[in-house]
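A quick note: this is a predicted structure, and the numbers were derived from the prediction, not measured. Whatever order the structure lists them in is the order used to number ligands and atoms, beginning at 1.
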Amino acid sequence: MRVLVCGGAGYIGSHMVRKLISSGHTPVVFDNLSTGHSAALDEAFRGAAEKGISPVLVKGDVLNVGDVEKLFDEQPVDAVIHFSAHSKVSESLAKPALYYHGILVGSLNLLAAAIHSKVDTFIFSSTAAVYGTPETMPIEESCPTNPISPFGQAAKMVEMILEDYAQAQGLKSIALRYFNAAGADPEGRLGENHDPETHLIPNVLKAILGKTPPLDIFGNDYPTPDGTCIRDYVHVEDVADAHLLALNHLCAQTGSGYFQTFNVGSGKGFSVLEVMAAAERVTGQWVPYTFTHRRAGDPAVLVASAEKAKQTLGWNPKYPSLDDIIRTAWRWFNK
Ligand code: UFG
């Protein structure tokens with residue numbers, strides 16, 4: 001199958017590209033390389049020729065209708081996986097237009113071109129941020145969605161659009177609500193490389209390596225056992241697997257129109273201090289840190305129920321241990 005991967009040069013996108021190739025699919029990557037890396041694609045594409053697969057990179061912008069129409073005219077595809085470009089809650093509070101415009105217009109452009117080209121299979125990168133500040137843990141997909149940030153709002157709006165397009169246009173789509181994607185390709189070829197880096201695990205490892213000042217811990221007065229925020233860390237390979245299973249699930253839908261949401265999380269929560277302790281176990285080194293004020297938009301606790309993805313998609317995470325997740329990230333950072 002030829003699969004369009006929008007944002008395929010990014011962190012999760014590049015792992016997805018590699019996963020598609022290893023599963024015998026041909027990725028057509030569409031990326032403007034503003035935050036993604038062509039070097040990551042070189043790694044992700046490695047070994048494709050031996051499998052008789054010719055992956056493609058098309059440089060372009062989802063916000064440019066001309067780029068998107070040309071892409072669909074020139075590159076026939078069977079399905080679309082849309083990794084949204086911006087995914088930071090705190091940044092979205094400071095720059096709402098960047099998020100509403102980027103996520104809504106980008107998704108609408110892709111959907112219009114896909115439907116025009118009779119491509120009816122679509123996977124969207126949604127987020128745990130759609131839940132806002134949930135009252136019950138673990139969070140099931142049926143929990144109310146009350147986002148508290150433009151990132152979460154925009155993702156929720158795209159989910160609503162997909163649901164309407166299922167009814168009206170026969171679109172078959174799945175929104176995967178990511179919790180905290182972390183870790184790196186176990187072979188050390190791909191990993192997290194954001195600039196600036198805002199995510200906890202890479203920042204912990206960079207602080208250990210002395211590449212940054214001591215880690216800032218954003219708040220120690222949350223209503224959690226140790227006062228720091230609790231999150232659900234899920235290995236990026238397992239996130240990529242969830243997409244592959246979602247793709248298979250959509251392809252198995254014979255009727256017209258389908259929409260479902262699935263949480264992509266491990267089902268286990270760890271506080272910031274517990275993540276640091278795990279990093280110290282894995283690396284054998286101490287994490288220098290200071291406590292600072294809370295970061296805007298951070299809920300105290302976000303832990304997924306992954307039951308729906310396990311039961312409906314057959315998802316079975318291969319890296320359930322936080323130490324193993326950090327170990328793969330550590331290997332990547334040491335490269
Ligand atoms: N944190 C620090 N110091 C850092 C970086 C992070 O203390 O240098 C803390 C944060 O305050 C948070 C936790 O570590 O409590 C995790 O933060 P990340 O930035 O790694 O990730 P987020 O929890 O902000 O992001 C995740 C998903 C988003 C989702 C969001 C919902 O990646 O897609 O949760 O709040 F939108």
Side-chain angles (χ1 to χ4, degrees), residues 7 10-13 83-94 99 102-103 124-134 137 139 143 145-156 158-159 175-183 192 194-209 211-236 239 242 261 263-266 269-279 287-304 322 325-326 329:
Y11 168 47
I12 304 176
F83 291 96
S84 72
H86 303 288
S87 58
K88 293 180 204 135
V89 167
S90 54
E91 182 183 56
S92 79
L93 288 161
Y99 278 70
I103 294 174
F124 172 65
S125 300
S126 188
T127 166
V130 298
Y131 295 112
T133 312
M137 291 295 152
I139 309 166
C143 286
T145 50
N146 296 308
I148 54 169
S149 65
F151 175 41
Q153 293 277 22
K156 179 178 171 176
V158 174
E159 291 186 357
L176 295 175
R177 294 174 173 169
Y178 305 163
F179 283 66
N180 290 59
E192 203 164 358
H194 299 116
D195 185 19
E197 186 54 76
T198 60
H199 291 127
L200 179 63
I201 290 175
N203 279 352
V204 165
L205 299 179
K206 284 182 172 181
I208 288 177
L209 289 168
K211 289 191 174 177
T212 52
L215 177 79
D216 278 332
I217 298 182
F218 300 130
N220 61 347
D221 58 350
Y222 283 96
T224 60
D226 66 22
T228 65
C229 287
I230 293 176
R231 291 288 181 274
D232 178 329
Y233 297 88
V234 52
H235 197 279
V236 63
V239 177
T261 59
N263 288 338
V264 181
S266 70
F270 294 93
S271 72
V272 174
L273 292 177
E274 287 172 331
V275 170
M276 286 168 50
V287 185
Y289 71 92
T290 52
F291 286 118
T292 180
H293 51 79
R294 291 182 177 196
R295 188 173 66 176
D298 275 347
V301 185
L302 288 173
V303 179
L322 177 63
I325 292 175
I326 294 176

*Side chain to side chain, N203 and T212, heavy atoms closer than 4.5 Å*: no

Without placing hydrogens or testing angles, list every side-chain donor-acceptor pair under 3.5 Å for residues 217-226, not counting sequence neighbours.
unit_1, atom_1, unit_2, atom_2, d
D221, OD1, R294, NE, 2.9
T224, OG1, G227, N, 3.0
T224, OG1, T228, N, 3.2
T224, OG1, T228, O, 2.7
D226, OD1, T228, N, 2.9
D226, OD1, T228, OG1, 2.7
D226, OD2, S271, OG, 2.6

_For H199 and H194, take the angle between the two ring planes, folded into 0 to 90°, and tell me which bin it lands in: parallel under 30, tilted 30 to 60, perpendicular over 60._
perpendicular

*Below 4.5 Å, heavy atoms only, C-beta onward: do V130 and E159 meet side chain to side chain?*
yes

*Decide yes or no on side-chain contact (heavy atoms from CB on, under 4.5 Å) for S266 and Y233, but give the supporting numbers first.*
CA-CA 6 Å; S266 70; Y233 297 88; 6.0 Å; no

Exercise answer, ligand 1 polar atom pairs (N/O) under 3.5 angstrom:
unit_1, atom_1, unit_2, atom_2, d
ligand 1, 3 (N), D216, O, 2.7
ligand 1, 7 (O), D216, O, 3.4
ligand 1, 7 (O), F218, N, 3.0
ligand 1, 8 (O), N203, ND2, 3.1
ligand 1, 11 (O), D298, OD2, 2.6
ligand 1, 17 (O), R295, NH2, 3.3
ligand 1, 19 (O), T198, O, 3.3
ligand 1, 19 (O), R295, NH1, 3.2
ligand 1, 19 (O), R295, NH2, 2.9
ligand 1, 20 (O), L200, N, 2.8
ligand 1, 21 (O), N180, ND2, 3.1
ligand 1, 23 (O), N180, ND2, 3.0
ligand 1, 23 (O), R231, NE, 2.7
ligand 1, 24 (O), R295, NH2, 2.7
ligand 1, 33 (O), T127, OG1, 3.3

*Does L205 reach the side chain of E197, with side-chain heavy atoms less than 4.5 Å apart?*
no

